[in-house]
Number of protein chains: 2
Amino acid sequence: MNHSPQVGRPRRSSQRILEESAAELFLEQTYARTTVDQIAQRAGVSRNTFFNYFGSKSDVLWVDIDETLERLSLELAAASPSVPVMDAVRDAVTRVAAAHPDDRVPWALTHVDLMGTREELEASGLRRLMKQSDVLRDFIGQRVRSADSSLSRAAAFATLAAAAAAAGAWVSAGVGRRALAEYVADAVGPVCAGFAAVIEPG
Amino acid sequence: MNHSPQVGRPRRSSQRILEESAAELFLEQTYARTTVDQIAQRAGVSRNTFFNYFGSKSDVLWVDIDETLERLSLELAAASPSVPVMDAVRDAVTRVAAAHPDDRVPWALTHVDLMGTREELEASGLRRLMKQSDVLRDFIGQRVRSADSSLSRAAAFATLAAAAAAAGAWVSAGVGRRALAEYVADAVGPVCAGFAAVIEPG
DNA sequence: CCGAATTATTGGACGCGGTGTAATAACTAC
DNA sequence: GTAGTTATTACACCGCGTCCAATAATTCGG
């Protein structure tokens with residue numbers, strides 16, 4: 001699991017360095033107006049090296065989010081089979097949110113206003129979220145004997161969307177905010193309750 | 001409202017022509033492998049003319065969707081103030097879906113499999129939907145005296161995401177499918193019910 | 001019939017993101 | 001020192017999207 005090689009040419013840069021260089025430039029020039037060249041140049045590496053550490057320019061904005069979201073499948077797998085499916089979903093999503101370090105507010109969200117086109121930001125953010133939709137849909141569908149797979153899909157989509165909205169609210173709340181998990185729980189709760197009433201009409 | 005000019009050079013092309021040329025090429029080569037140049041060339045116009053009719057390459061995929069989605073704000077405005085908020089939301093969204101012509105299955109969704117990266121497609125489609133989130137959020141927030149605006153946002157996001165999932169299911173159902181509005185109602189219903197229980201605990 | 005105004009189309013150039021490839025640098029192990 | 005491994009680099013390329021200036025095709029007013 002440890003991917004730190006003792007052999008071969010040592011790394012000159014790192015995700016952190018590039019991230020910081022990018023953040024500076026974004027603040028100075030906004031996201032839209034800074035090029036990958038500039039980021040790489042400030043970090044002291046070539047443009048191609050940037051793409052060695054990030055798959056795309058927008059990836060810089062979401063490093064923290066990605067790390068946190070990877071926990072979702074683990075949390076789902078750890079769910080007890082005895083608890084109702086939508087309760088398990090709500091708890092898993094909430095726990096993922098709780099695992100996110102409170103001090104690490106994703107850069108992208110804190111400076112939404114500074115980023116020229118907000119659409120591009122939303123698009124890349126949604127894409128991040130949708131990556132998890134398959135995992136969530138499979139989990140729900142697995143536990144539901146309903147032949148109507150569209151319901152699982154809808155539940156997964158709606159749950160993640162609510163979580164995204166909660167994250168947005170959390171950031172907007174500013175310094176005096178409560179914990180992220182609370183916002184997420186408040187937003188995801190109604191969605192899961194609504195679908196639970198349909199999926200498990202017990 | 002009619003912007004058809006009697007003066008000036010007449011149009012050589014149209015959105016329909018370009019759309020059809022694009023559809024042919026997408027089927028032959030997939031979306032990812034066809035360039036804007038090719039679309040324009042097949043339509044008998046120059047590349048720049050393409051951008052006269054569409055803002056971007058992906059816009060071609062969503063013309064029908066965009067037309068339908070524009071109805072949302074109208075439906076919301078027509079809602080009676082006496083009916084509970086989330087009921088009004090559910091009905092409005094369902095009516096928008098009902099207004100979509102059943103024969104006009106959005107090209108993008110019918111051929112999801114043929115389009116290289118499905119992620120990009122899903123994201124761009126969801127983005128279209130989320131353009132309406134402001135309208136929906138404002139509508140909900142207006143009728144709710146709750147100071148917690150984050151709930152309105154979550155409700156709007158979740159509702160639209162459920163609608164998107166329903167649209168996907170509708171397309172996947174193939175030729176023997178029921179009406180789009182039914183899928184949407186099934187998916188949006190639980191979401192609205194869940195939030196109604198929180199927003200209007202009456 | 002002629003010019004002015006209007007609108008669509010066109011070509012050309014540019015910037016930027018992203019990909020691919022082949023060369024090379026920096027290091028470890030033997 | 002040589003071989004193997006990995007990171008970095010330069011270079012070329014493609015495609016999307018934008019901008020701009022030129023031009024074609026039409027209507028309108030004289």
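Just the heavy atoms: all of them, side chains too, but no hydrogens, waters or symmetry mates, feed the values below. In what follows, chains carry the letters A, B, and so on, assigned in the order in which the sequence lines appear, proteins first and then strands, with residues in each chain numbered from 1.
- Residue B:R47 places no side-chain atom within donor-acceptor reach of the base of C:dG12, judged by atom type and a 3.5 Å distance cut-off alone.
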For B:D91 and B:T94: C-alpha separation, side-chain torsions, deciding distance, then whether side-chain hydrogen bond (donor to acceptor under 3.5 Å, both in side chains) applies.
CA-CA 5 Å; B:D91 294 345; B:T94 305; 5.4 Å; no
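- Both B:P10 and B:G55 lie near DNA chain D, and the one whose nearest nucleotide falls closer to the 5' end is B:G55.
- Going from atom CD of B:Q38 over to atom C1' of D:dC14 covers 12 Å, rounded to whole Å.
- Note: CZ (A:F54) to P (C:dT19) measures 15 Å, nearest angstrom.
- Atom CH2 in A:W62 sits 14.0 Å away from atom CD in A:E67 (nearest 0.5 Å).
- Here B:T34 lies in heavy-atom contact (under 4.0 Å) with sugar-phosphate atoms only.
- In this structure, of C:dG17, C:dT10, D:dT8, it is D:dT8 that holds the atom nearest to the side chain of A:R12.
- Whole-Å rounding puts the A:D37 CG to D:dT9 P distance at 13 Å.
- Between C:dG17, C:dT10, D:dA7, one nucleotide has an atom nearer to the side chain of B:N52 than all others, and that is C:dT10.
- Checked against D:dT9, D:dC16, D:dT8, the side chain of B:V36 finds its nearest nucleotide in D:dC16.
- Distance B:F50 CZ to C:dG11 P: 17 Å, rounded to the nearest Å.
- If you check the side chains of B:N52 and B:T49, you find no donor sitting under 3.5 Å from an acceptor.
- Distance CG (B:L18) to P (C:dT9): 9 Å, rounded to an integer number of Å.
- Note: B:D134 CG to B:S73 OG = 12.0 Å, rounded to the nearest 0.5 Å.
- Nearest nucleotide to the B:V7 side chain, out of D:dG17, C:dT7, D:dT8: C:dT7.
- Counting to the nearest Å, the P atom of D:dG29 and the CD atom of B:Q6 are 12 Å from each other.
- Here the side chain of B:F51 is nearest to one of D:dT18, D:dT8, C:dC16, namely D:dT18.
- Taking both residues in full, the closest heavy atoms of B:Q38 and B:R33 are given as OE1-O, 3.7 Å, listed atom of the first, atom of the second, then distance.
- A close approach under 4.0 Å does not occur between any side-chain nitrogen or oxygen of B:R9 and OP1 or OP2 of D:dA24.
- In this entry the distance linking OH of A:Y53 with P of D:dA7 reads 7 Å, nearest Å.
- One interatomic measurement links the two molecules: NZ of B:K57 to P of C:dG17, which rounds to 19 Å at whole-angstrom precision.
- Comparing B:G8 and B:S56 by the nucleotide of DNA chain D whose heavy atom lies nearest to each, the residue mapping closer to the 5' end is B:S56.
- For A:N48, the side-chain atoms get nearest to C:dG20 when compared with the rest of D:dA7, C:dG20, C:dT9.
- Phosphate contact (OP1/OP2 of C:dC16, side-chain N/O of A:T35, threshold under 4.0 Å): absent.
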